[in-house]
Amino acid sequence: MSLGEFLRNRRGRVSPAEAGLPAGTGRRQTPGLRREELAALAGVSVDYYTRLERGRDTNPGRSVLDALATVLRLDDDERAHLHRLATRGHEQGRDATTARPALVRLLAMVRPTPAYVLSQTSDLLAANAEGFALLPGLTVPGNLVTYVFTHPAAGEVFVSWQRMAEDCVAHLRAVGDSPARAALVADLCAGSEAFARLWAHYDVRVKSGVRRAFRHTRAGRLELTSEILTAVDGQRFVTFQAAPGSPDHAALELLSGD
């Protein structure tokens with residue numbers, strides 16, 4: 001999505017009341033703020049803002065972007081995304097296809113904690129035995145986002161599938177444009193209505209540690225907390241941890257036998 005498309009999407013999500021504007025009279029033809037309202041609140045001319053939305057000006061200054069981000073109520077991830085779109089620094093190189101050896105060694109060291117090595121676009125590069133057992137059907141090569149939206153087991157494994165799905169799509173937006181991401185998005189939009197709907201909604205959010213509930217045929221229900229470490233080349237080392245001595249940690253031992 002371009003800078004203009006992102007601005008239009010977010011403008012439509014902010015109501016006049018949220019922006020501190022009076023309700024006014026008459027029926028509004030479009031949801032959210034009008035162009036002239038956003039321009040006035042951000043301190044730029046309507047003509048200049050219109051050029052931004054229409055792609056006629058793609059190099060706004062940092063102060064303009066910050067003003068727009070404030071009016072549009074963007075969070076830190078969305079604000080960073082706006083700046084990347086404007087500076088055209090959102091293009092990525094080729095996605096990794098082989099896990100870093102040091103991360104592969106860590107997979108064994110953290111057992112019985114389920115752990116995975118993922119590329120920037122969530123291709124599964126490696127996992128330990130518990131990781132494969134926790135998410136049955138996930139394979140190398142494979143992709144975690146594709147697994148969430150297309151594998152029959154995903155709806156059972158994730159107790160809150162909707163939250164997992166939303167987080168996956170929002171993170172995929174945040175990692176930026178690349179040939180690998182474009183191909184993945186095209187495949188998923190064609191094969192999953194749920195993915196296409198969430199992709200069009202355009203949430204942007206970098207994945208961070210969060211507590212998730214899982215169902216497992218042998219271990220039962222597990223409450224685990226994710227931890228994500230990112231290497232310099234963008235590969236992510238992801239674990240699902242339980243506190244030592246807790247029932248959930250004891251249940252992780254059952255995963256090793258799968």
Side-chain angles (χ1 to χ4, degrees), residues 95-172 175 180 184 187-188 191-192 194-195 198 206-231 233-258:
D95 221 2
T97 57
T98 304
R100 294 167 61 91
L103 297 183
V104 174
R105 291 193 291 271
L106 281 177
L107 292 173
M109 295 171 64
V110 301
R111 296 183 68 186
T113 295
Y116 312 83
V117 180
L118 302 174
S119 73
Q120 294 184 12
T121 55
S122 294
D123 286 337
L124 181 63
L125 306 179
N128 60 16
E130 292 79 7
F132 285 120
L134 183 64
L135 303 180
L138 184 63
T139 61
V140 176
N143 181 279
L144 180 60
V145 185
T146 300
Y147 175 85
V148 169
F149 282 94
T150 66
H151 198 285
E156 292 297 321
V157 169
F158 299 104
V159 173
S160 180
W161 179 89
Q162 183 66 28
R163 174 65 187 278
M164 182 64 178
E166 291 171 355
D167 287 348
C168 283
V169 176
H171 179 83
L172 195 58
V175 300
L184 176 63
D187 287 345
L188 285 170
S192 170
F195 178 88
L198 288 173
V206 176
K207 268 192 179 181
S208 58
V210 65
R211 194 162 179 81
R212 296 196 190 277
F214 299 84
R215 300 185 189 93
H216 188 266
T217 54
R218 292 180 58 191
R221 180 184 171 114
L222 299 93
E223 296 277 349
L224 305 174
T225 300
S226 64
E227 186 65 50
I228 303 171
L229 305 176
T230 304
D233 60 358
Q235 290 191 29
R236 289 176 289 145
F237 186 79
V238 181
T239 63
F240 289 106
Q241 305 178 28
S246 67
D248 289 321
H249 190 270
L252 288 179
E253 299 284 354
L254 299 176
L255 298 179
S256 302
D258 282 12

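Predicted model, so just to flag it, every value in this text is computed and none were measured. Start at 1 with the first residue, then count along the sequence.
Between the side chain of R236 and the backbone N or O of S119 there is at least one donor-acceptor pair closer than 3.5 Å. A donor-acceptor contact shorter than 3.5 Å links the side chain of S246 to the backbone of H249. Side chain of T239 to main chain of A115: no donor-acceptor pair is present (N/O by atom type, distance under 3.5 Å, no hydrogens or angles). In this structure a side-chain-to-backbone donor-acceptor pair under 3.5 Å is missing from D248 to L224. With E227 contributing its side chain and Q241 its backbone, the two residues share no donor-acceptor pair below 3.5 Å.
Looking at L124 and L144, their side chains never come closer than 4.5 Å, going by heavy atoms from C-beta outward. Side-chain contact between D187 and L184 is absent, with no heavy atoms from C-beta onward closer than 4.5 Å.
Nearest heavy atoms, L255 versus A219: CD2-CB, 4.2 Å. When all heavy atoms are compared, the tightest approach of A99 to Q235 is CA-OE1, 3.4 Å. Scanning both residues, R111 and A129, for their nearest heavy atoms gives NH2-CB, 3.8 Å. When every heavy atom of F237 is checked against every heavy atom of L103, the shortest pair comes out as CE1-O, 3.5 Å. Closest heavy-atom contact between P114 and N128: CA-OD1, 3.7 Å. In terms of heavy atoms, F158 sits closest to R215 at O-NH1, 3.8 Å.
With values rounded to the nearest 0.5 angstrom, R212 atom CZ is found 14.5 Å from L222 atom CG. With rounding to the nearest 0.5 angstrom, the CG atom of L229 is 8.5 Å from the CG atom of L106. Note: E156 CD to T217 OG1 = 11.5 Å, rounded to the nearest 0.5 Å. With values rounded to the nearest 0.5 angstrom, R105 atom CZ is found 10.0 Å from R100 atom CZ. The distance from the CD atom of E223 to the CZ atom of F214 is 9.5 Å, given to the nearest 0.5 Å.
For residues 106-147, the set of pairs meeting the ring-ring contact (aromatic ring centres under 6.0 Å, His included) definition, not counting sequence neighbours, comprises Y147-H151.
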Exercise for review: Check the pair L172 / T121 against side chain to side chain contact (heavy atoms under 4.5 Å, CB included), numbers first and verdict last.
Suggested key: CA-CA 6 Å; L172 195 58; T121 55; 4.3 Å; yes

Practice item. Take L188 and V145 through the test side chain to side chain contact (heavy atoms under 4.5 Å, CB included) and record every step on the way to the result. Key: CA-CA 9 Å; L188 285 170; V145 185; 3.7 Å; yes

Point to revise | Chi angles and distances behind the side chain to side chain contact (heavy atoms under 4.5 Å, CB included) call for T113, E130 | key: CA-CA 7 Å; T113 295; E130 292 79 7; over 6 Å; no

Review point. Hey, mind stepping through H216 and L254 against side chain to side chain contact (heavy atoms under 4.5 Å, CB included) and telling me if it holds?
Key: CA-CA 10 Å; H216 188 266; L254 299 176; 5.9 Å; no

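Residues forming a side chain to side chain contact (heavy atoms under 4.5 Å, CB included) with S192 (at least two apart in sequence, or on another chain): F149, A194, F195.
Donor-acceptor pairing under 3.5 Å is recorded for the side chains of T225 and R211.
Just one of T146, T97, N143 meets the side-chain hydrogen bond (donor to acceptor under 3.5 Å, both in side chains) condition when paired with D123; it is N143.
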